[in-house]
Amino acid sequence: MSTVTATPNHQPSWLPSGSAPALRAAPGWFMELQDKAELDYQQLGLPGVRDEQWRYTSLRALKSAELTFATGPLNEAQLPDSDLPRLVFVNGCFNALQSDLAGLPEGLLCTNLANALEHHADRLEKVLGTTLPDAAHGFQLLNSAYCRDGYVLFVEQGTIIDTPIEVIFQNDAGVASHCRNLVVADANSQCTIIERHSSTQPENSHDVYLSNCLTEVVAGQGAHVDHYKLQSESTEAFHLGGIFIDQANSAHVTSHNIGLSGKLLRNDVIARLNGSGSHIEMNGLVLGSDQEHMDNHTEVVHAVPNCTSDEFYKTVLDDHSRSVFRGRIIVAQDAQQTNADQQNNNLLLSPDAEADTKPQLEIYADDVKCSHGATVGQLEQKSLFYLQSRGINLEAARALLTFAFANEVVERIKVDSIKQELTQLIAGELMNDIEGVL
Amino acid sequence: MLKVQDLHVSVFGTPILKGLSLEVNPGEVHAIMGPNGSGKSTLSNVIAGRDGYEVTSGSIEYIGKDLTELEADERACEGIFLAFQYPVEIPGVSNMAMLKAAVNSMRKYRGEDEMSAAEFLQLIKKKAELVQMKQEFLKRSVNEGFSGGEKKRNEILQMAMLEPTLALLDETDSGLDIDALKVVADGVNALRSPERSMVVVTHYQRLLDYIVPDHVHVLANGQIVKSGDKSLALELEERGYGWIEDEVSGLQEAS
Ligand SMILES: Nc1ncnc2c1ncn2[C@@H]1O[C@H](COP(=O)(O)OP(=O)(O)OP(=O)(O)O)[C@@H](O)[C@H]1O
Ligand SMILES: [Mg+2]
């Protein structure tokens, strides 16, 4: 007989000692929310390999990392070369000087969470935290307990924001930050958000930090929300992320979740289709190399009839990198006429890379169309030879074929600059001047 | 230009070429004919540098270089082009993208600057006209969903773009309708020059009416068993391969 001994819950160094420094002018309900999450966390602790959803994901390095709870920006963020309206967060705190919201139309509130808690608390109270999963895991609880800032976007009924809003999240070495973001798109409004996550020192790609960053999206009737999340974290950084989406009737949400670098990236992407006629598109691209580990746990809940979901995740792994994809689709008993599709394709560029893929379909209705497919493969020898026989060297041939694989997801991106950025990243110069020349 | 001597090649361990010799001089066109499975594609592939095609003995020399020392892409950069018997479909990579990568890769190999987008575009348009290929094919993924004939025509387009010194055409005529055969042959003939050599693998004499060879060889059972001029092709058309096989076994018995 073997006995299982529970190891005492090890507390990482990067939790705030005592209780977190209070936010200035935070309303009582918010303090209660944080206190409750802190208590829940103390009960639950961080996940471990015994938890089914963390089985393939080692947190050992993160748990023992020497990090401190972030209380303010130290370095400035390094801004990308774009002139989009933007909000900037360094070490989990708003950097007003680097933010610029000029050019946004009327009919919206775009600000940071700390400010919104001070001046728009009643609008927040109705929604903040409502999209989180009931059984939140330890990192999500930590985020609820210790978040101090993040972006907040309320788009009023019928307001259409043409230009994407860019949100920059950067962290210094040695920091643990917990941002909480909220997007509320009222009926028939439209918006596009681009989140960019990285280190404050992109030239030093070995900074160790934790970014535990959650985004809530509440899409009202007929609203259109396009959400992009680009993660180019330092190769020693930990990114624990969540995107939680609630959709009303005919709401149309697209999530593009793009993991480019990081020691450990894990995202939980959950969409609840609560209103008839709503549609979620979940696109994902993971490019892993070296020892990187990139996980995506997705969940689509078809709660009502006549909704559609279209999920398309692709993974490219080189060297010793690993990935986990879990795709859960739940079709509730009365969610008839559901149409759900899920595809996860994995390309292994190295014999030492490993991709785990796990579709989970739970269908309780009978009149539904559900399809899913998962593949793990390598580049085809005959294609490589064909390209080489045209004088293309092996490295370029691999890049071309890898681009071809990833491009099906890249093609779904509606913001041209991001499309170009990714094309350049994957194919280098190979695809320059190709498009639109004929 | 190309000197193959007593070449023995195994494909994934199976001996296929068993002492093949062939010499091609600059400007010459050689036709290789022979029964199915005799090793014609094996010869083309081993010259182009395909993995898994192992030279167990003998040599392949091209412009004075030992070819077996070079990777497939280096051979292409040195001027060898293989028009595949079965062109490969590459979903997601457009013809344009592949050819641009190919052209620039070869330029880099020769120490030249990349071709500008405008220059490339002009060139590919001109070459597409040469093989009468509609421009929409340039944007499509390489060979994906192309008909058999379109694939063969696409091989010739690529050859026209890359302007090889030694072109190996492996059954480029099979699957072509009569008009397409003329177009392809015209494309090939347009490239004929005193510096450029071609090895044309075919089953049909008809192609050789358009691309007139200097030499015709019969490859059987991994060896060149008979060589002659273009009249040999006519004879083969009439009599098949049986008589040569008889001749060869007669010779073997006599020796
Ligand atoms: N990968 C392989 N493994 C084992 N045998 C092979 C392999 N590739 C080719 N062969 C064999 O080698 C022989 C020669 O094949 P090859 O393709 O060179 O013939 P070919 O002369 O081009 O024929 P065809 O006229 O039908 O195109 C055939 O018997 C074939 O089955
Ligand atoms: Mg053949």
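Lettering of chains follows the sequences in order, A, B, ..., and the numbering in each one begins at 1.
Near-neighbour residues of residues 70-87 of chain B relative to chain A, defined by a heavy atom under 4.5 Å from a heavy atom of that chain, comprise B:Ala72, B:Asp73, B:Ala76, B:Cys77, B:Ile80, B:Phe81, B:Leu82, B:Ala83, B:Phe84, B:Pro87.
Residue A:Gln360 qualifies as enclosed at atom CD: its count of foreign heavy atoms under 6.0 Å is above 12. Counted within 6.0 Å of CD on A:Glu395, heavy atoms from surrounding residues, nucleotides or ligands total 12 or fewer; the atom is thus considered open. For B:Lys126, the NZ atom sits in a loose shell: 12 or fewer heavy atoms of surrounding residues, nucleotides or ligands are nearer than 6.0 Å. Atom CG of B:Asp51 has 12 or fewer heavy atoms from other residues, nucleotides or ligands within 6.0 Å. The number of heavy atoms from other shown groups lying within 6.0 Å of CD (B:Glu23) is above 12. Summarising the local packing, CG of B:Asp113 is surrounded by 12 or fewer heavy atoms from other residues, nucleotides or ligands at distances under 6.0 Å.
Residues A:Ile392 and B:Met98 approach most closely at CD1-O, 3.6 Å, considering heavy atoms. Taking each heavy atom of B:Pro91 and A:Ala404 in turn, the nearest pair found is O-CB, 3.4 Å. Across all non-hydrogen atoms, the minimal contact from B:Asn45 to A:Phe385 is OD1-CE2, 3.8 Å.
The most heavy-atom pairs under 4.5 Å with chain A, out of B:Glu155, B:Glu114, B:Lys108, come from B:Glu155. Chosen from B:Gly92, B:Ala118, B:Gly52, the residue pairing most often with chain A at heavy-atom distances under 4.5 Å is B:Gly92.
Every ring-ring contact (aromatic ring centres under 6.0 Å, His included) that B:Phe146 has, sequence neighbours left out, goes to B:Phe137. Not counting sequence neighbours, the partners of A:His256 by the ring-ring contact (aromatic ring centres under 6.0 Å, His included) test are A:Tyr228. In this view, A:Val376 and A:Asn346, A:Leu348, A:Thr357 satisfy the side chain to side chain contact (heavy atoms under 4.5 Å, CB included) rule, not counting sequence neighbours.
Within the 4.5 angstrom heavy-atom criterion, only side-chain atoms of A:Gln381, from C-beta onward, approach chain B. Neither the backbone nor the side chain of B:Val103 comes within contact range of chain A; no heavy atoms are under 4.5 Å apart. In this structure, chain A has no heavy atom under 4.5 Å from any part of B:Asn95.
Looking at B:Arg50 and A:Gln388, their side chains never come closer than 4.5 Å, going by heavy atoms from C-beta outward.
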Could you go step by step and tell me if A:Lys382 and B:Glu89 meet the salt bridge (Lys or Arg N to Asp or Glu O under 4.0 Å) rule?
CA-CA 9 Å; A:Lys382 63 175 191 205; B:Glu89 297 193 10; over 6 Å; no

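Exactly one of A:Leu430, A:Asn407, A:Leu400 qualifies for a side chain to side chain contact (heavy atoms under 4.5 Å, CB included) with B:Val93. That residue is A:Leu400.
The main-chain N or O of B:Ile90 is never found under 3.5 Å from a side-chain atom of A:Ser383 such that the two would form a donor-acceptor pair.
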